[in-house]
Asker: 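Once you've had a glance at the structure underneath, I'll fire off some questions.
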There are 2 protein chains.
Amino acid sequence: MLTLPNVKFKDIYHILKSNIDSGKYDNSMMLPTEMELVDKFKCSRNTVRRAINELSKDGYVKSVKGKGVIILESRESIELPIGNLLGLQELHTKKKFTTSVVHFSKITIDESLSRITALKLDTEVYHLHRIRFYDNEPIILDVNYFSADVAKDLTIEIAQNSVYEYIEKDLNTKILASKKIIVVEHATELDKRFLDLGTYDCVAVVKTYAYTDSGKLFEYTESRHRPDKFVFVESSSLRKNI
Amino acid sequence: MLTLPNVKFKDIYHILKSNIDSGKYDNSMMLPTEMELVDKFKCSRNTVRRAINELSKDGYVKSVKGKGVIILESRESIELPIGNLLGLQELHTKKKFTTSVVHFSKITIDESLSRITALKLDTEVYHLHRIRFYDNEPIILDVNYFSADVAKDLTIEIAQNSVYEYIEKDLNTKILASKKIIVVEHATELDKRFLDLGTYDCVAVVKTYAYTDSGKLFEYTESRHRPDKFVFVESSSLRKNI
DNA sequence: CGCGATTTGTACGTATGTATT
DNA sequence: TAATACATACGTACAAATCGC
């Protein structure tokens, strides 16, 4: 299941990344110059720049014109406090998660739902409530709206596993991109019933809008997180004004 | 103060963006092919690809090999619910914000602070508490730790305006990149005293680690947000595995 | 099902612009 | 001012995924 990198810029990306992690360039705080890397990896400058660009997206380095590529320090100590908790991305891959479907229905998007979900009026959707457990602790209440057009013949059994896997593997539809909005809301009765909120009366809500293959919005999901288990990380590389 | 785009790929980026917004390509859900855009803009394919790449980072489009560049629909309706609330990025540019400095001191990072801030032991820092008002409403409590090395001779007056502007303009030091972590925490006494929390007993906390010019971590800040005014947006373009 | 035609992805090369030292 | 180093831009070639015939 490992994607073996037969792509040059990815190879270079990984090598540079591990060099940075192991402190190889730490004294100088700079990467070798692009031309030095071209010599070292026997590739074009474009390819080196491509790899550096990826590192920059990850928050590892930052290029400065006329100066060089600067390594951003203290990565480990910043990652550390996150380690124990759970990121968002891993949700669908990690094994220690179990899911319990507590609601399953097929409904039609009316006006008020359309405002909330951004799905088009009269769209048929599967509407689910799912509890996500981590080590048998309820962590997240997922409220899903999947366009029935896309998630054809969805069943509770499938929802218990991965809807995404079903859509991508079985239905052969690709999920392209997603937009996430994070807010904090008062805990609803549903939240209180299913999540172990303890002394908290709020939940962290991640609203996800996902698109398929053809650019159509097909999913709106509210992932309602127990606050003490919620972490969201963004390494923003202070984008230049465009 | 407007950066006039004398850069080709930025021009193309803006043109494509406004075309998408005005629904010019909406029927097909696709951008013109790269080669068509090359003809139209009389530029190289690289330049077109560069512009498309930026659009993709913004969550406007998604390229699919062998197929084309797909436009992601429903942008406005998703942006809409955010509109009223305030994003994070705008903090330093919007005019309606005012700041009140309620604590100002110079301290040295000890072991426990070092764990929290990721700043090196024995670093001298300016420690601030600042209330951010929007329309005279307290929205955010900022708890700052600025390395005194970088933010030399910081004063309360400067802190009342923009520390970043001071560092960049007056001290001529560039702020390169930042890493943000979002969590939800119980409101502290400080939060309750300064923010108008109403019925909420939680705050949304954005922890920011910022780097300078030379790659050194120079700032740790906790921006403690009133939950009802907090929104965080991420348009993640489902990055390919690398 | 296979086979081109189309379209994006990767990679190389070269030249010139611009910020930093 | 000159050298260095990243940024932009042009061009070319081939690989790989998709789609229609």
Side-chain angles (χ1 to χ4, degrees), chain A residues 3-14 16 25 28-56 61-71 168 172-174 176-177 212-215 237-242, chain B residues 3-14 16 25 28-56 61-71 168 172-174 176-177 212-215 237-242:
Chain A
T3 51
L4 24 151
N6 49 353
V7 182
K8 218 157 183 178
F9 84 85
K10 291 182 186 176
D11 288 347
I12 297 174
Y13 164 86
H14 285 293
L16 293 178
Y25 311 123
S28 60
M29 302 298 299
M30 304 270 284
L31 281 194
T33 68
E34 291 178 352
M35 285 317 292
E36 282 168 358
L37 293 173
V38 164
D39 285 348
K40 174 163 175 183
F41 293 114
K42 274 131 190 52
C43 65
S44 74
R45 195 172 148 229
N46 275 340
T47 305
V48 165
R49 285 176 60 73
R50 191 79 191 275
I52 291 172
N53 195 36
E54 297 295 329
L55 287 171
S56 147
V61 301
K62 178 78 184 176
S63 305
V64 179
K65 193 194 282 192
K67 201 170 179 188
V69 179
I70 294 164
I71 298 167
E168 295 212 307
N172 212 27
T173 302
K174 274 190 188 157
L176 276 192
T212 59
D213 230 354
S214 61
S237 12
L238 283 211
R239 200 154 157 217
K240 293 173 189 84
N241 278 335
I242 59 175
Chain B
T3 51
L4 25 151
N6 48 354
V7 182
K8 219 160 184 177
F9 83 86
K10 290 182 188 178
D11 289 347
I12 297 174
Y13 163 86
H14 285 293
L16 293 178
Y25 311 123
S28 61
M29 302 299 298
M30 305 269 286
L31 281 194
T33 67
E34 291 178 354
M35 285 315 292
E36 282 168 0
L37 292 173
V38 164
D39 285 349
K40 175 164 177 183
F41 293 115
K42 275 130 189 54
C43 65
S44 73
R45 194 171 150 227
N46 276 340
T47 305
V48 165
R49 286 176 58 74
R50 190 75 192 276
I52 292 173
N53 195 36
E54 297 296 328
L55 288 171
S56 146
V61 301
K62 177 78 185 176
S63 304
V64 179
K65 190 193 284 192
K67 199 171 182 186
V69 179
I70 294 164
I71 299 167
E168 295 212 309
N172 212 29
T173 302
K174 275 192 186 156
L176 278 193
T212 60
D213 228 355
S214 60
S237 13
L238 283 213
R239 199 155 158 217
K240 293 170 190 88
N241 278 335
I242 60 173

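Below, all heavy atoms of this structure are taken into account, side chains as well, without hydrogens, waters or symmetry copies. Throughout, protein chains are lettered first and strands after them, A, B, ... in sequence-line order, and every chain is numbered starting at 1.
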Asker: If you find the nucleotide of DNA chain C closest to B:T33 and the one closest to A:S44, which residue's nucleotide is nearer the 5' end?
Answerer: B:T33
Asker: Any side-chain N or O of A:T47 under 4.0 Å from OP1/OP2 of C:dC12?
Answerer: yes
Asker: Atom CD of A:E34 and atom P of C:dT20: how far apart are they, to the nearest Å?
Answerer: 16 Å
Asker: When the distance from CG of B:N53 to C1' of D:dA9 is rounded to whole Å, what number comes out?
Answerer: 16 Å
Asker: Starting at atom CD1 of B:I12, determine the distance to atom P of D:dT8, rounded to an integer number of angstrom.
Answerer: 13 Å
Asker: Expressed as a whole number of angstroms, how long is the span from B:E54:CD to D:dT8:C1'?
Answerer: 13 Å
Asker: Does C:dC12 have OP1 or OP2 under 4.0 Å away from a side-chain N or O of A:K8?
Answerer: yes
Asker: Map A:G66 and B:V64 onto DNA chain D by nearest heavy atom, then report which one ends up closer to the 5' terminus.
Answerer: A:G66
Asker: Do the side chains of A:N53 and A:F9 get nearer than 4.5 Å, heavy atoms only?
Answerer: no
Asker: What's the closest nucleotide to the side chain of A:C43 if the choices are C:dT7, C:dC12, C:dT10?
Answerer: C:dC12
Asker: Quick one: A:N46 CG to D:dC6 P, roughly how many Å, whole number?
Answerer: 14 Å
Asker: Give the rounded distance in Å between these two atoms: OH of A:Y13 and P of C:dA11.
Answerer: 15 Å
Asker: Please find the pair of heavy atoms, one from B:K8 and one from B:C43, that lie closest to each other, and give the distance.
Answerer: CE-CB, 4.0 Å
Asker: Quick one: is B:K67 getting a side-chain N or O under 4.0 Å of the D:dC19 phosphate, OP1 or OP2?
Answerer: yes
Asker: Starting from P on D:dC19, measure out to NZ on B:K65 and report it in whole angstrom.
Answerer: 14 Å
Asker: Just call it for B:R49: base, sugar-phosphate, or nothing, with non-hydrogen atoms closer than 4.0 Å on any strand.
Answerer: base
Asker: Within the structure provided, determine whether A:V61 and A:Y25 are in side-chain contact (heavy-atom separation under 4.5 Å).
Answerer: no
Asker: Please state whether the base of C:dG9 and the side chain of B:R45 form at least one donor-acceptor pair under 3.5 Å?
Answerer: yes
Asker: Say whether, by atom type as modelled, one donor and one acceptor occur between the side chain of A:K67 and the main chain of A:V64 under 3.5 angstrom.
Answerer: no
Asker: Give the rounded distance in Å between these two atoms: CD1 of B:I70 and P of C:dG9.
Answerer: 11 Å
Asker: Is any side-chain heavy atom of B:D11 closer than 4.5 Å to one of B:Y13?
Answerer: no
